[in-house]
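A quick write-up on the structure given underneath.
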Amino acid sequence: MAFLRRNKSADNDRSQNDGNPFTQRGFIVAAAGFGIMCVAAISVIVFEPDGLPSSPQARASSGTPYPPGSSPAVAPGAGGANGSTDSGQQCPALSDDNQSIPTVQPAGVIWVPYHGVGLPVSRTAGPARADSGTVRCYARTPAGALIAAAQISERYETAESPILVAGTMLAQGPGRERFLARSRSATPTRAAGQSQAVPDKAQFVGFRVENYSPQAATVTLVRMREQAGTFDATTWTVVWDEGWRLQLAPDGTRPPARSVTSLAGFVAWTP
């Protein structure tokens, strides 16, 4: 009788487990598989060398641009003021149309890492395309010019292809030609795009748009060097030539940086 009671108890336990879906072998295997899929999905949301999230879904949710070719196409000629066509690939339409010089930091800007420095990105003002360390496609607005100055001034000496840099980020003129000549004569042990010594990295902390027109803009960018606790200000010019492009000095060098003691007179602009 004791043996029968034990068997009956075991049958009852199996019956109860059989009725519980969370203890079923199939459920456990499925749950494990789902967990692996979640880990895999999370692992693909990483930052590319361009400093933009590699996942289109991450770009969409965070407000950052889509990778080349994945943003909505713009019909030829539909770009207008915001749709440049440099590099032969039409830029997507950008919604920023505010022509007022910013006196506060532009809304909707996020900061993404590039070689240890945070660079500004706006879904409404650009950049909207990235390729091999170069970026392009900005709104033809003061905010677009400001972001272009920050992005291009940081990238143009370190992007892997000087020819691509010249074709997408630098304005025509003797400065661009000197930049290309210097890149061609770079030593084999140095990346061609790093033909000039790049100053120590420092984060953008402020700006001032000195002047702006739809054809050209002059922007002063302030950086803070954390180790020294000092501020440097550099004034850059961007011109509109199928998109905002950096205009280099005739000798192809960077504009001189000057020391400033504070952000007085500048708009604070930090990550």
Side-chain angles (χ1 to χ4, degrees), residues 51-52 62-65 82 94-127 135-158 169-171 175 196-240 243-249 253-271:
L52 303 177
S62 64
T64 52
N82 293 337
L94 297 172
S95 61
D96 179 36
D97 59 1
N98 186 352
Q99 294 296 313
S100 300
I101 290 179
T103 55
V104 297
Q105 55 181 322
V109 169
I110 68 168
W111 298 80
V112 293
Y114 176 78
H115 291 191
V117 175
L119 296 182
V121 175
S122 167
R123 192 172 182 81
T124 61
V135 289
R136 61 188 181 90
C137 297
Y138 302 90
R140 196 171 187 176
T141 63
L146 169 64
I147 294 173
Q151 283 274 359
I152 301 173
S153 65
E154 180 63 32
R155 290 174 179 269
Y156 83 96
E157 291 173 311
T158 57
M169 299 200 299
L170 300 181
Q196 296 190 61
V198 180
D200 293 338
K201 297 299 181 184
Q203 182 58 52
F204 293 111
V205 293
F207 73 87
R208 183 172 62 220
V209 178
E210 308 290 352
N211 55 68
Y212 170 82
S213 75
Q215 288 71 44
T218 303
V219 177
T220 298
L221 298 171
V222 182
R223 295 170 177 264
M224 183 180 71
R225 304 193 179 279
E226 293 184 1
Q227 293 183 348
T230 59
F231 297 99
D232 291 343
T234 307
T235 300
W236 300 89
T237 297
V238 291
V239 299
W240 186 266
W244 291 117
R245 296 169 182 253
L246 197 68
Q247 187 171 62
L248 298 180
T253 60
R254 300 172 68 91
R258 64 184 187 277
S259 295
V260 294
T261 58
S262 72
L263 290 179
F266 296 96
V267 179
W269 199 32
T270 56

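What's counted below: heavy atoms across the whole structure, side chains too, no hydrogens, waters or symmetry copies. Predicted model only: the values in this text are computed from it and were never measured. In this chain, residues are counted from 1 in sequence order.
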Beyond-backbone contact of V109 with P120, side-chain heavy atoms, under 4.5 angstrom: yes

Contact summary for G118 and F204, nearest pair of heavy atoms: O-CD1, 4.0 Å

Spatial distance of atom CD (Q105) from atom CG (L146) [nearest 0.5 Å]: 10.0 Å

Non-hydrogen side-chain atoms of T124 and L94 separated by less than 4.5 Å: no

All N/O donor-acceptor pairs, side-chain side in residues 256-271, below 3.5 Å, sequence neighbours left out:
from	atom 1	to	atom 2	distance (Å)
S262	OG	A264	N	3.2

Between CZ on residue R254 and OG on residue S153, distance to nearest 0.5 Å: 6.5 Å

Over all atoms of both residues, closest heavy-atom pair of R223 and A202: NH1-O, 2.5 Å

Minimal non-hydrogen separation, S122 against I147, with atom names: CB-CD1, 3.7 Å

Minimum heavy-atom distance V219-A149, with the two atoms named: CB-CB, 4.2 Å

Between N98 and T141, a side-chain donor and acceptor under 3.5 Å: no

Result of checking S100, P142, P102 against Y212 for side chain to side chain contact (heavy atoms under 4.5 Å, CB included): P142

Expected output: side-chain W244 to main-chain A139 donor-acceptor under 3.5 Å: yes

Exercise: identify the closest heavy-atom pair between V222 and A233: CG2-CB, 4.2 Å

Heavy-atom check, side chain of T220 versus side chain of T235, under 4.5 Å: yes

Side-chain touch V135/M169, heavy atoms, less than 4.5 angstrom: yes

Pair listing, salt bridge (Lys or Arg N to Asp or Glu O under 4.0 Å) test, anchored in residues 210-219, at least two apart: R208-E210

Spatial distance of atom CD1 (I152) from atom CG (L119) [nearest 0.5 Å]: 11.0 Å

R140 backbone acceptor or donor facing Q99 side chain under 3.5 Å: yes

Interatomic spacing from OG1 in T237 to CG in N211 - rounded to 0.5 Å: 7.5 Å

Nearest-0.5 Å distance that lies between atom CD in E154 and atom CD in Q203: 8.5 Å

For the student: nearest non-hydrogen atoms of Y138 and W240, plus distance: O-CH2, 3.7 Å

